[in-house]
Protein chains: 2
Amino acid sequence: MNIVQDESRRDRKKLQRRALLIEIARRYIASKGLISLRVRDVAEAAGCSIGSVYNEFGDFDGLILTVNRETVQALTARLKAIPAGDPLRQLHGLADAYLGFATEHANLLRALFEHRMEDDRPFPDDILAMVMDAFALMHAPLVRLLPDRDPDDVALLSRMMFSAVHGIISLGLEERMVAVPPEMLRERLAEFVDTHLAGLGVSRSA
Amino acid sequence: MNIVQDESRRDRKKLQRRALLIEIARRYIASKGLISLRVRDVAEAAGCSIGSVYNEFGDFDGLILTVNRETVQALTARLKAIPAGDPLRQLHGLADAYLGFATEHANLLRALFEHRMEDDRPFPDDILAMVMDAFALMHAPLVRLLPDRDPDDVALLSRMMFSAVHGIISLGLEERMVAVPPEMLRERLAEFVDTHLAGLGVSRSA
DNA sequence: CTCGAAAATGAACATTGTTCAAGACGAATC
DNA sequence: GATTCGTCTTGAACAATGTTCATTTTCGAG
């Protein structure tokens, strides 16, 4: 066998285990929160040693960040799947998709937003960029709805709206300090988007 | 000396040290985040033993929750100081006061919203009630601005607005993933409130 | 089959929340 | 002032958990 095949066989195994470790870590975070994630548990569940987890991810933060990276990728994929036809419908779709993702993966999303790096190490640029990308998805439909506004202004508006929606959803899904009852959240969120757009001068959706 | 005076003298000392411990813990959280809080550091800084911290607060969570309680009290006091004269001005004042508090005490506010209890112990009811009280402060001015709406509806609206403002501020002040540049935040937040009120049918502020 | 580099291992270590037996303290009583 | 007794304080020891690294194992190349 040639080198490429040998390496790819080895790599395949390595990648397979890496994926397993990530999946296990994700399950811990998703089911009991980031606080419940333990290196020993992950290693044991994957049937390997603690050291191997460190070989793969460098340190504990590395494992968390890897899961977070995949979380934001999944979120972005879901948001990008919203069709771009009618801008008003698209905005509602984006808000609703965000709510859906947050509902199904509350702990994963919390881990993304609440995780703090050890020591003051900088937050990884690539994750930051991916989050900004997700934020930016509101921009295009808003530009279409507000053609007369300065695009820079609309960029800020879209970030404001995204942040507002994020706040409504994240507080709404927090079981403690219930801001808005979850069962009403979907409907109310749509109403919120409509209201805000109306305030921006966009006539209410059909 | 009689019993009462003896006890109050002892109590005074105890309360004094309790206040010192809280103040030290608050300073750690405020300056480097909840993650930097350590029982040993607090005890050493207060010149007492680890065990005394446990006698005073039960456990680590108890210390954190005590600081959080005072944080939400300080926040509520600040929000309640906004005069109730003009409802529109009051709403702007509330949003601005929240932003001001969040700016000055970003880490304390984060500790309040992001702290998770150990084990799944329930979140303390009194803190929850205090946060709900703070949320409710938007209710009265909104009722005055929307006299024709069902009060229950307005209650939900006010929670939505509070959550939205919270999201804008908390993401805006997060240095990583900067949603809205902090220097613009104040102005933009006011604009956001105006826009949303306009969407609700309230004519823009004078 | 042998060799060597890379990977895996897990015991040992460092940090930090927690407990608790022993001691110190102080108020009431004589 | 001495005694007593309950309370508070102490800090060593423990437990949980992230981290390191010398040793062992693995596996492909020659």
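Protein chains get the first letters and strands the later ones, always in sequence-line order, with residue 1 at the start of each.
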Would you tell me if any nitrogen or oxygen in the side chain of [X] comes within less than 4.0 Å of OP1 or OP2 on [N]?
X	N	value
Arg17(A)	dA7(C)	no
Ser52(B)	dT10(D)	yes
Ser49(A)	dG10(C)	no

In terms of side-chain geometry, is the basic nitrogen of [X] or [Y] positioned less than 4.0 Å from the acidic oxygen of its partner?
X	Y	result
Arg27(B)	Glu23(B)	yes
Arg116(B)	Glu174(A)	yes
Arg110(B)	Glu114(A)	no
Glu191(B)	Arg186(B)	no
Arg188(B)	Glu183(B)	no

Open item on the list: Parallel, tilted or perpendicular: which one describes the rings of Phe192(B) and Phe192(A), with boundaries at 30° and 60°?
Closed with: tilted

Quick one: [X] [atom1] to [N] [atom2], roughly how many Å, whole number?
X	N	atom1	atom2	value
Gln16(A)	dA7(C)	CD	C1'	16 Å
Phe57(A)	dT19(D)	CZ	C1'	16 Å
Leu15(A)	dA7(C)	CG	C1'	14 Å
Glu56(A)	dT20(D)	CD	P	16 Å
Leu21(B)	dT10(D)	CG	P	10 Å
Leu63(A)	dT17(D)	CG	P	15 Å
Ile64(B)	dT16(C)	CD1	P	14 Å

Could you run down the sub-3.5 Å N/O contacts of the protein with nucleotides 17-21 of chain C?
residue: dG17(C); atom: OP1; partner: Leu37(B); partner atom: O; Å: 3.4
residue: dG17(C); atom: OP2; partner: Val39(B); partner atom: N; Å: 3.0
residue: dG17(C); atom: N7; partner: Arg40(B); partner atom: NH1; Å: 2.7
residue: dG17(C); atom: O6; partner: Arg40(B); partner atom: NH2; Å: 2.8
residue: dT18(C); atom: OP2; partner: Tyr54(B); partner atom: OH; Å: 2.9
residue: dT18(C); atom: OP2; partner: Phe60(B); partner atom: N; Å: 2.8
residue: dT18(C); atom: O5'; partner: Tyr54(B); partner atom: OH; Å: 3.3

Task: Side chain of Cys48(B) (C-beta onward), nearest among dT10(D), dT9(D), dT9(C) - done: dT10(D)

Atom pairs and distances, side-chain donor-acceptor, residues 50-57 of chain B, under 3.5 Å, sequence neighbours left out:
residue: Ser52(B); atom: OG; partner: Ser49(B); partner atom: OG; Å: 3.4
residue: Glu56(B); atom: OE1; partner: Lys14(B); partner atom: NZ; Å: 3.2
residue: Glu56(B); atom: OE2; partner: Arg18(B); partner atom: NH1; Å: 3.1

